[in-house]
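One structure is given here, and the rest of the page talks about it.
Index from 1, following the sequence. Every heavy atom of this structure was used, including side-chain atoms; hydrogens, water molecules and symmetry mates were not.
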Amino acid sequence: MNASFDDRPDPQGELTPSERRRLRFRAIPLRVVLPNLVTLLALSMGLTAIRYATEGKFDTAVTAVIAAAVLDGLDGRLARALKGTSRFGAELDSLADFVDFGVAPALLLWLWSLHEIKGLGWFAALVFAIACALRLARFNVTVDQPGRPAWHSDFFVGMPAPAGAITVLLPLYLNLSVAELPGSKPFVAFYIVYVLAIAFLMASRIPHLSGKRIGRIPRDSVILVLFGVGVSALLLAIYPMETLILASLAYLAAIPYGVRRYNALAREEAEKAQPA
């Protein structure tokens, strides 16, 4: 009786249960699996950062967060290049991003210094993690929103999660660099204010340059670009914390330019929409 029931067609004309089972276990192309493996590797880096933070190895924990950010930038591009995008991959990426760029940096900062002021420090860590979750949820809702002008793809709405994770660790970079900024209690209040400010930038609707349009490099600039990338990689390997300090400050300094550029494009669009 069970076999005959399983093979009975659906009243709405859909596949039989046995046919659905065969589809369920069909082979999945490798091009779909590879981006998800990169996402899982990024998630592993985020969890590894938490582990090293609990052991007091903050420099290694920072390296793991940066590795997670690099892998996060690769998985989406790999999926698009291989035409292996999927709804499952998008959901997995969001969950991994919350751990990598919301939970891990918050716990890292808490274990390093914010615990010196227990109530406010934990509050700042919670607010940052919540802001990251809200940022990711808003991105998932609006990424495929129809009717958006093409130039909107040049901007993120709010600070993206990887950038938030990297910039929020600026006080820790300063502590681990030649500056040796103390992590003691008198400085924690300033760190809390800074963490809350980054959380606000993530949850806000302030536009940030996305860099998505950076594609083909002009032929006469290839050597210069390769030189710049090589020098940056060497500096990151030799002076990692100092390089991350400069990168974080440069990103924060670019926010006003992104806002001005967004407003200028919005005005141009509004002027074109007005009747002559």
Donor-acceptor list for residues 236-252 side chains, cut-off 3.5 Å, not counting sequence neighbours:
unit_1: E242; atom_1: OE2; unit_2: V178; atom_2: N; d: 3.0
unit_1: T243; atom_1: OG1; unit_2: L235; atom_2: O; d: 3.1
unit_1: T243; atom_1: OG1; unit_2: Y239; atom_2: O; d: 2.7
unit_1: S248; atom_1: OG; unit_2: L244; atom_2: O; d: 2.8
unit_1: Y251; atom_1: OH; unit_2: H208; atom_2: ND1; d: 3.3

Check your understanding: What are the two closest heavy atoms between Y257 and L209, and how far apart are they?
Key ->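 Closest pair (atom of Y257, atom of L209, distance): CD2-CD1, 3.5 Å.
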
Point to revise | Closest non-hydrogen atom pair between A104 and G46, with its separation | key: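 For A104 versus G46, the nearest heavy atoms are CB-O, 3.7 Å.
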
Would you compute the distance between atom [atom1] of [X] and atom [atom2] of [Y] and round it to the nearest 0.5 angstrom?
| X | Y | atom1 | atom2 | value |
| --- | --- | --- | --- | --- |
| N36 | L43 | CG | CG | 12.0 Å |
| L78 | T39 | CG | OG1 | 9.0 Å |
| L109 | Y194 | CG | OH | 9.5 Å |
| L41 | D75 | CG | CG | 10.0 Å |

Point to revise | Side chain R135, main chain A199, donor-acceptor under 3.5 Å | key: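 Flag not set: sc R135 to bb A199 has no pair under 3.5 Å.
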
Review point. Are the side chain of N263 and the backbone N or O of V259 linked by a donor-acceptor pair below 3.5 Å?
Key: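 At least one qualifying donor-acceptor pair exists.
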
Using residues 157-171 as the side-chain source, report each donor-acceptor pair under 3.5 Å to any protein atom, sequence neighbours left out, with the distance given to one decimal.
unit_1: T167; atom_1: OG1; unit_2: A163; atom_2: O; d: 2.8
unit_1: T167; atom_1: OG1; unit_2: G164; atom_2: O; d: 3.4

**Study point:** side chain to side chain donor-acceptor pair (under 3.5 Å) partners of residues 95-107, not counting sequence neighbours, each pair once
**Key:**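 Found none.
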
Point to revise | Pairwise side chain to side chain donor-acceptor pair (under 3.5 Å) hits with a residue in residues 109-121, at least two apart | key: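 Residue pairs with at least one partner in residues 109-121: W112-N175.
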
Practice item. Please name the residue in the list V188, L196, I192, L114 that meets the side chain to side chain contact (heavy atoms under 4.5 Å, CB included) test with L120. Key: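 For L120, the side chain to side chain contact (heavy atoms under 4.5 Å, CB included) check succeeds only for I192.
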
Exercise for review: Can you sort out the partners of Y262 under ring pair (Phe, Tyr, Trp, His ring centres under 6.0 Å), two or more places apart, ordered by chain and number?
Suggested key: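 Residues passing ring pair (Phe, Tyr, Trp, His ring centres under 6.0 Å) with Y262: W151, H152, F155.
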
Side-chain donor-acceptor contacts of residues 54-68 below 3.5 Å, not counting sequence neighbours, with atom names and distances?
unit_1: T54; atom_1: OG1; unit_2: R51; atom_2: O; d: 2.4
unit_1: E55; atom_1: OE2; unit_2: R51; atom_2: NE; d: 3.1
unit_1: T63; atom_1: OG1; unit_2: D59; atom_2: O; d: 3.0

